[in-house]
Amino acid sequence: MSGSGEHHGHTHRLELSDQSVREWDAVVVAAEPEVGIVLDRSAFYPGGGGQPPDEGVLLWDGVRTRIVGTRKGDDLYLIPAEGDPLPPAGTAVRGALNDERRTALMRTHSGLHVLTGVVFRDYGALVTGGNMEPMSARMDFDLAEVPADFKDRVAEACNAEIRADRRIDVMTLPRANAFAIPDIIRTATNLIPPEIEVVRIVDIVGLDTQADGGTHVASTAMIGRLEVVKMESKGRGFRRLRIRIV
Ligand SMILES: [Zn+2]
């Protein structure tokens, strides 16, 4: 990945500094049917850190090109829907995200950070894996002993943090400063390649601080309500929590 700061190849990634952008103007840098479309400015989250990519449209010259996915290479490629026309290089386009999907993913992603923050704080358990869809997710934890009512106690603690309406701050820090934050070391040291000099931090103030490239709501109340649907024991110390945001 050639990402550095808020650029990926030729593309300025608008969503990294402003997660509220849903529509914007851009110019096509390159477009090839088999490869995808590269914009000079884009708010399409390309996927990563468990959060699936955005979907949306490009509007140009009275034409609509649906964007159904992304591919990360030297550049950030937007994948058009099969059969949709491609805007040639140099075309001015209006980009627009599928707001319902993006907003749902932001609420879900922030909800997962509340969950991991609560489970680490209350049980000392670390995340070992996970998966995210709009409004539902699963998260795997390494937790040997499961107390009685674990599922309900976790849900209750998460919703208390949501009701507390904690601020969710996003900032970028030089690598050394980021790794000076104790919690960052537990979550990120092994995940961030050494050549990355600036680390983006998502901080649920007072609860959870992580190195994270995803998109988040501005405060925990915007998550809504978090339900722990079920807990599965998949093996020794391997607990899987399935959650839903409502
Ligand atoms: Zn995250």
Side-chain angles (χ1 to χ4, degrees), residues 1 3 5-6 8 13-21 43-54 70 72 76 97 101-123 125-143 154 157-159 161-162 166-173 175 178-179 181-193 196 198-224 226-228 239-245:
M1 166 170 159
E6 288 167 3
H8 185 126
R13 288 182 54 187
L14 305 172
E15 84 283 8
L16 289 178
S17 54
D18 185 352
Q19 303 165 103
S20 70
V21 174
F44 283 96
Y45 182 67
Q51 183 179 334
D54 286 331
T70 58
K72 288 180 276 188
L76 180 54
L97 300 183
R101 174 182 169 84
R102 159 62 91 76
T103 300
L105 286 167
M106 287 167 68
R107 291 171 59 194
T108 309
H109 197 162
S110 296
L112 283 176
H113 282 218
V114 168
L115 177 70
T116 58
V118 161
V119 172
F120 181 74
R121 181 196 65 194
D122 295 353
Y123 303 95
L126 294 175
V127 172
T128 56
N131 184 55
M132 194 188 316
E133 299 293 334
M135 306 304 265
S136 71
R138 66 170 166 77
M139 192 116 282
D140 300 334
F141 294 94
D142 180 15
L143 180 59
V154 166
C158 286
N159 285 304
E161 298 300 332
I162 288 170
R166 293 183 181 275
R167 229 171 55 232
I168 304 179
D169 290 343
V170 175
M171 66 202 103
T172 51
L173 294 176
R175 185 186 184 87
F179 287 156
I181 303 171
D183 280 358
I184 297 300
I185 293 164
R186 92 180 136 88
T187 55
T189 346
N190 299 324
L191 302 176
I192 296 177
I196 301 292
V198 176
V199 180
R200 185 170 180 272
I201 302 292
V202 174
D203 183 23
I204 302 181
V205 177
L207 178 65
D208 181 75
T209 309
Q210 293 189 35
D212 191 275
T215 60
H216 290 265
V217 294
S219 73
T220 59
M222 296 169 78
I223 294 166
L226 187 150
E227 291 180 352
V228 179
R239 318 294 173 185
R240 172 166 291 171
L241 290 177
R242 296 188 181 276
I243 68 153
R244 190 162 60 197
I245 304 294

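Indexing begins at 1, ligand by ligand and atom by atom, following the structure's order.
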Could you walk me through whether H113 and D212 pass the side chain to side chain contact (heavy atoms under 4.5 Å, CB included) test, one step at a time? CA-CA 10 Å; H113 282 218; D212 191 275; 3.1 Å; yes
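A donor-acceptor contact shorter than 3.5 Å links the side chain of R166 to the backbone of V205. Between the side chain of R121 and the main chain of D208, no donor-acceptor pair closer than 3.5 Å is present. In this structure a side-chain-to-backbone donor-acceptor pair under 3.5 Å is present from R200 to L16.
Restricting D212 to its N, O or S atoms, the one at the least distance from the Zn ion (ligand 1) is OD2. Atom NE2 is the N/O/S atom of H113 found closest to the Zn ion (ligand 1).
Note on H109: counted as a metal contact of the Zn ion (ligand 1), an N/O/S atom lying under 2.8 Å.
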